[in-house]
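Read through the structure below, which is laid out as structure tokens, and then see the notes.
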Amino acid sequence: MVHNTPTSVVTIERFIIEQEQLHAHATGDLSGILRDLALAAKMIASKVRRAGLADILGAAGTENVQGEMQQKLDLFAHETIFKAMDHGGRLCAMASEEVEHLIPIPEQFKRGKYVLLFDPLDGSSNIDVNVPVGTIFSVIRRVTKSDHNAKGDHGTIEDLLQPGRKQVASGYVVYGSSTMFVYTTGQGVHGFTLDPSIGEFLLSHPDMKIPEHGRYLSVNDAYEQYWAEPVRALMRRYRGLDGKREAMNVRYIGSLVADFHRNLLGGGVFAYPANEKSPHGKLRLLYEGNPLAFICEQAGGAAIDGEHRLLDVKPTELHQRSPLFIGSKGDVEIARQLFHEAAQKGAGHGQDVAHRGGANGK
Ligand code: P6P
């Protein structure tokens with residue numbers, strides 16, 4: 001007997017089209033960007049999967065091959081995304097963790113109404129120990145006008161330096177035990193798992209939500225000696241040492257996308273505070289913090305740089321760093337309140353640097 005059950009197989013292409021149809025005025029440009037990013041993700045995944053083989057093959061010259069391979073992988077991921085995105089006529093500029101300045105759309109291609117900012121392969125130093133790595137991306141509508149050129153005018157740094165709340169889409173790819181593509185366009189967060197046997201991302205995690213309070217604390221406490229006292233107090237709270245919260249399990253693998261993804265599913269907080277050695281924190285606002293913050297808020301979580309919502313920070317530099325506390329809303333709120341109380345008492349907490357200006361790419 002044939003069971004005419006509806007196909008449970010929803011590819012990312014089908015899902016993107018169905019989401020687009022929810023918006024009467026959608027032109028299909030944003031859908032095209034997401035589809036092209038999914039293609040780039042598949043190409044990067046196939047290379048990342050074989051990185052280990054290069055290590056084995058390069059056993060004689062492990063260091064050289066591995067070093068070149070890592071560099072190649074970072075640059076391969078950058079080139080793959082650039083070449084997947086430069087000709088679609090939907091972008092007017094790009095920015096990448098791998099490139100110091102704004103990346104223009106090549107002259108021969110039409111320019112469009114969006115900008116793309118991305119970290120092509122975050123955590124690539126983890127590849128040689130087989131720890132999951134990730135790609136992170138952010139899409140924002142241009143603010144500069146474009147009607148002086150048949151192909152559309154080039155985007156400017158002004159189009160890139162917008163607060164995270166202006167994002168129209170963001171997402172990440174985690175190259176882990178499976179490859180997942182997770183994104184939002186402001187209508188919830190949806191996760192797709194790559195089925196290598198057919199080369200398609202299939203909907204596996206519709207409408208992802210992060211628990212209000214979480215199990216996991218992800219922080220590198222090797223920096224404890226460099227943290228301001230309020231940060232130390234916060235970590236004592238998360239560890240249940242002040243009796244005001246049940247202790248969280250510490251899970252930290254030093255790969256932002258992998259740590260964030262686990263906390264999105266299981267609940268918890270990822271924290272990379274500013275410290276004496278990194279007074280602006282380590283993570284980049286525009287193509288690491290902001291895209292994950294958009295995802296997190298859409299999943300019911302929160303993201304701050306200290307006392308303030310991360311998505312409200314007005315960027316001043318393309319590669320500026322920001323402190324980051326991101327995850328379960330209730331747990332991030334603990335951090336915000338604690339920093340606010342410290343600020344009220346006049347005790348420095350060293351976070352919120354971007355709000356005081358002077359945040360720089362250094
Ligand atoms: P630390 C990887 O190098 C990375 O950029 C992120 O993926 C990760 O969260 C962070 O740095 C780890 O930094 O200082 O704890 O080694």
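Index from 1, following the sequence. When a ligand or atom number is given, it counts from 1 through the structure's own listing order. This is a predicted model, so every value here is computed, not measured.
Enumerated by chain and number, the residues approaching ligand 1 to less than 4.0 Å through a heavy atom are D122, G123, N220, Y223, Y252, G254, S255, L256, F270, Y272, K282.
Residues meeting the salt bridge (Lys or Arg N to Asp or Glu O under 4.0 Å) test with D159, sequence neighbours left out: none.
The side-chain contact (heavy atoms from CB on, under 4.5 Å) test with F260 singles out one residue from V174, D122, I136, L292, and that residue is L292.
S178 is listed as a side-chain neighbour of M180, based on a closest heavy-atom distance under 4.5 Å.
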If you look only at distance, which donor and acceptor atoms sit under 3.5 Å apart when one is on a side chain in residues 196-205 and the other is two or more places apart or in another chain?
{"from": "S197", "atom 1": "OG", "to": "D195", "atom 2": "OD1", "distance (Å)": "2.5"}
{"from": "S197", "atom 1": "OG", "to": "D195", "atom 2": "OD2", "distance (Å)": "3.3"}
{"from": "S204", "atom 1": "OG", "to": "G191", "atom 2": "O", "distance (Å)": "3.4"}
{"from": "S204", "atom 1": "OG", "to": "T193", "atom 2": "N", "distance (Å)": "3.4"}
{"from": "S204", "atom 1": "OG", "to": "T193", "atom 2": "OG1", "distance (Å)": "2.7"}

Can you give the donor-acceptor pairs under 3.5 Å from side chains of residues 327-336 to other protein atoms, not counting sequence neighbours?
{"from": "S328", "atom 1": "OG", "to": "P211", "atom 2": "O", "distance (Å)": "2.7"}
{"from": "S328", "atom 1": "OG", "to": "G268", "atom 2": "N", "distance (Å)": "2.9"}
{"from": "D331", "atom 1": "OD1", "to": "H213", "atom 2": "ND1", "distance (Å)": "2.9"}
{"from": "D331", "atom 1": "OD1", "to": "R245", "atom 2": "NE", "distance (Å)": "2.8"}
{"from": "D331", "atom 1": "OD1", "to": "R245", "atom 2": "NH2", "distance (Å)": "3.1"}
{"from": "D331", "atom 1": "OD2", "to": "G214", "atom 2": "N", "distance (Å)": "2.7"}
{"from": "D331", "atom 1": "OD2", "to": "R245", "atom 2": "NH2", "distance (Å)": "3.2"}
{"from": "E333", "atom 1": "OE1", "to": "R336", "atom 2": "NE", "distance (Å)": "2.9"}
{"from": "E333", "atom 1": "OE2", "to": "R336", "atom 2": "NE", "distance (Å)": "3.2"}
{"from": "E333", "atom 1": "OE2", "to": "R336", "atom 2": "NH2", "distance (Å)": "2.7"}
{"from": "E333", "atom 1": "OE2", "to": "Q337", "atom 2": "NE2", "distance (Å)": "3.3"}

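No donor-acceptor contact under 3.5 angstrom links the side chains of H319 and E100, judged on distance only.
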